[in-house]
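The next block holds one structure in the form of structure tokens; read it before the comments.
Numbered from 1 within each chain, the chains take letters A, B, ... in sequence-line order.
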Number of protein chains: 2
Amino acid sequence: MADSKKRSDCPISSSLEVWGDKWSLLIVRDLMFAKQCTYGDFLKSGEKIATNILASRLQTLEENGIITKSDHPGSKAKVLYQLTQKGIDLLPLMVEINLWAEKYYDLPEDRKAMLSEVKKDKEGFIKKMANDLKESIS
Amino acid sequence: MADSKKRSDCPISSSLEVWGDKWSLLIVRDLMFAKQCTYGDFLKSGEKIATNILASRLQTLEENGIITKSDHPGSKAKVLYQLTQKGIDLLPLMVEINLWAEKYYDLPEDRKAMLSEVKKDKEGFIKKMANDLKESIS
DNA sequence: CTTTGCACTTGCATAATGCAAGCAAAATTA
DNA sequence: TAATTTTGCTTGCATTATGCAAGTGCAAAG
């Protein structure tokens, strides 16, 4: 299920073994925008991930220390997922993906607006957003 | 084989549909380091990609405008693969992957050296390397 | 003119993905 | 309190992708 042995010691390869698929970074994206999500929240995202795939990705992301599960305050039926620091550290990467995609694909308006913010002061944007996320988990 | 219909208009999702797998970015990595590679060069990389997977990834990367095939000067038996501008534009993303991985995984020494360069002046590093790549395709 | 190198293809076994349905515990409603 | 709904998954099964090994066709070298 998860990766058993490393293909190589290349950092790109190691990273891809953790989140190199079509779904994992979408989960990270949702958590970056919402700060915390329930299982159901992820299912509501536009890409319509299958429930079994979602469960398996959440598990490997947790096993790899990128997200954590915790109790929902106020409901034992719900589970809260949040980014760890390791997950928050994916923010610069996510920003670059957005910037790349902006150049070659059509984006929705709200994302364009966010990116114009980013382009004004990339470092500042990342620092602020990372801080917001950090506060939400501490 | 390739992606037929978009899952959503999210740039992260669109990007993942192009290179969101365990192999595509390794091909891009090889091209960023070597500027141009033959089919055999890719096979020599440490991760030991299977020949059929390599062929299929090269095809979808080409279909998506990230790499180009061209004749090898001096041998009709060989084929040269190179990054397009769209592929070169993945450089900032690749740099961030390296920086993220550096924080959480062990890297080989030569890559560490490169990253200490990056950390001195990220923008400068990217600009210089992107320019080198650009020159090699023009 | 035979052998080797190169860029793939093909066949087949195994693994991952996707869809629909099911299920147990908690929460809500009646 | 009993019935219904919500929530977070799991299960079964069909489809697709991956991985391995062997094979093919053309170019080049000997």
Side-chain angles (χ1 to χ4, degrees), chain A residues 1-8 12-13 16-27 30-31 34 36-64 67-82, chain B residues 1-8 12-13 16-27 30-31 34 36-64 67-82:
Chain A
M1 215 158 283
D3 27 296
S4 39
K5 51 205 157 227
K6 271 194 162 191
R7 294 181 295 186
S8 79
I12 306 279
S13 175
L16 291 175
E17 281 174 28
V18 176
W19 47 255
D21 65 88
K22 299 214 183 305
W23 295 108
S24 296
L25 289 186
L26 296 181
I27 292 173
D30 287 350
L31 286 171
Q36 53 191 38
C37 295
T38 62
Y39 193 88
D41 289 336
F42 292 119
L43 291 177
K44 281 174 212 144
S45 294
E47 292 85 8
K48 302 294 163 212
I49 188 170
T51 58
N52 54 342
I53 308 291
L54 176 56
S56 116
R57 286 306 172 283
L58 287 171
Q59 192 188 324
T60 70
L61 285 173
E62 196 191 5
E63 285 169 359
N64 285 287
I67 65 173
T68 43
K69 265 169 106 156
S70 55
D71 294 342
H72 187 104
S75 168
K76 279 185 196 170
K78 292 185 181 177
V79 178
L80 272 187
Y81 290 93
Q82 289 177 289
Chain B
M1 214 157 286
D3 28 297
S4 39
K5 50 204 155 224
K6 271 195 166 193
R7 295 181 294 184
S8 79
I12 307 279
S13 175
L16 291 175
E17 281 174 28
V18 175
W19 46 257
D21 66 89
K22 298 215 183 307
W23 294 108
S24 296
L25 289 184
L26 296 180
I27 291 173
D30 287 350
L31 286 171
Q36 53 191 39
C37 295
T38 63
Y39 192 89
D41 290 336
F42 292 118
L43 291 177
K44 281 174 212 144
S45 294
E47 294 84 9
K48 303 292 163 213
I49 188 171
T51 58
N52 54 341
I53 308 291
L54 175 57
S56 115
R57 287 305 173 284
L58 288 172
Q59 194 188 324
T60 70
L61 284 173
E62 196 190 4
E63 285 170 359
N64 285 287
I67 64 173
T68 43
K69 266 170 104 157
S70 55
D71 294 342
H72 187 103
S75 169
K76 277 186 197 171
K78 292 186 184 178
V79 178
L80 272 187
Y81 290 93
Q82 290 177 288

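- At whole-Å resolution of the value, CD1 in B:I53 and P in C:dA15 are 14 Å apart.
- Among the protein residues, A:K69 comes within range of the sugar-phosphate backbone only, with heavy atoms under 4.0 Å from sugar or phosphate atoms but none that close to a base.
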Could you list the donor-acceptor pairs under 3.5 angstrom formed between side-chain atoms of residues 69-77 of chain A and any protein atom two or more places apart in sequence or on another chain?
unit_1	atom_1	unit_2	atom_2	d
A:S75	OG	A:A77	N	3.3
A:S75	OG	A:K78	N	3.4

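- Within the structure, salt bridge (Lys or Arg N to Asp or Glu O under 4.0 Å) pairs that include any residue of residues 51-60 of chain B comprise B:D21-B:R57 (at least two apart or interchain).
- Rounded to the nearest 0.5 angstrom, A:W19 CH2 and B:K22 NZ are separated by 9.5 Å.
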With a 3.5 Å cut-off and sequence neighbours excluded, list the donor-acceptor pairs that the side chains of residues 47-55 of chain B form with protein atoms.
unit_1	atom_1	unit_2	atom_2	d
B:E47	OE1	B:R29	NH2	2.9
B:E47	OE2	A:S8	OG	2.6
B:E47	OE2	B:R29	NH1	2.8

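- One finds the CD1 atom of A:I67 at 8.0 Å from the OG1 atom of A:T60 (value rounded to the nearest 0.5 Å).
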Exercise. For A:T38 and A:V79, run side-chain contact (heavy atoms from CB on, under 4.5 Å): C-alpha distance rounded to whole Å, both residues' side-chain angles, the deciding distance at 0.1 Å, then the answer.
Key: CA-CA 6 Å; A:T38 62; A:V79 178; over 6 Å; no
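- Rounding to whole angstrom units, CD1 of residue A:I67 and P of D:dG8 are separated by 13 Å.
- Looking at every heavy atom in both residues, A:S45 comes nearest to A:D30 through OG-OD2, 2.5 Å.
- A straight line from CG of A:D71 to P of D:dG8 spans 12 Å, rounded to a whole angstrom.
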Distances under 3.5 Å only, N/O to N/O: pair up the protein atoms with those of nucleotides 1-3 of chain D.
none

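- Put simply, CG on A:L26 is 15 Å from C1' on C:dG18, counting in whole angstrom units.
- Rounding to the nearest 0.5 Å places NZ of B:K44 at 4.5 Å from CG of B:D41.
- A salt bridge links A:R7 and A:E17; the closest N-O separation between the charged side-chain nitrogens and carboxylate oxygens is under 4.0 Å.
- For residues 38-47 of chain B, proximity to DNA chain C is found at B:T38, B:Y39, B:G40, defined as any non-hydrogen atom under 4.0 angstrom from a strand atom.
- Of the candidates C:dC8, D:dT18, C:dC19, the closest approach to any side-chain atom of A:A50 belongs to C:dC19.
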Measure all distances between protein nitrogen or oxygen atoms and nitrogen or oxygen atoms of nucleotides 26-30 of chain C, and list the pairs falling under 3.5 Å.
unit_1	atom_1	unit_2	atom_2	d
C:dA26	O3'	A:A77	N	3.3
C:dA27	OP1	A:K76	N	2.5

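- One finds the CD1 atom of A:I12 at 7.0 Å from the CG atom of B:L25 (value rounded to the nearest 0.5 Å).
- Rounding to whole angstrom units, CG of residue A:L54 and C1' of D:dG8 are separated by 9 Å.
- Here C:dG18 presents its P atom at 11 Å from CD of B:E17, a figure rounded to the nearest Å.
- Residue B:I49 contributes atom CD1, which lies 13 Å from atom C1' of D:dA17 at whole-angstrom precision.
- The side chain of A:W23 places no N or O atom within less than 4.0 Å of a non-bridging phosphate oxygen (OP1 or OP2) of C:dT17.
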Distances under 3.5 Å between nitrogen or oxygen atoms of protein and nucleotides 21-23 of chain D:
none

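- OP1 or OP2 of C:dC8 has at least one side-chain nitrogen or oxygen of B:Y81 nearer than 4.0 Å.
- When the P atom of D:dT7 is taken as reference, atom CG of A:L80 falls 13 Å away, rounded to whole Å.
- Listed by chain and number, the residues in a ring-ring contact (aromatic ring centres under 6.0 Å, His included) with B:Y81 are B:F42 (sequence neighbours excluded).
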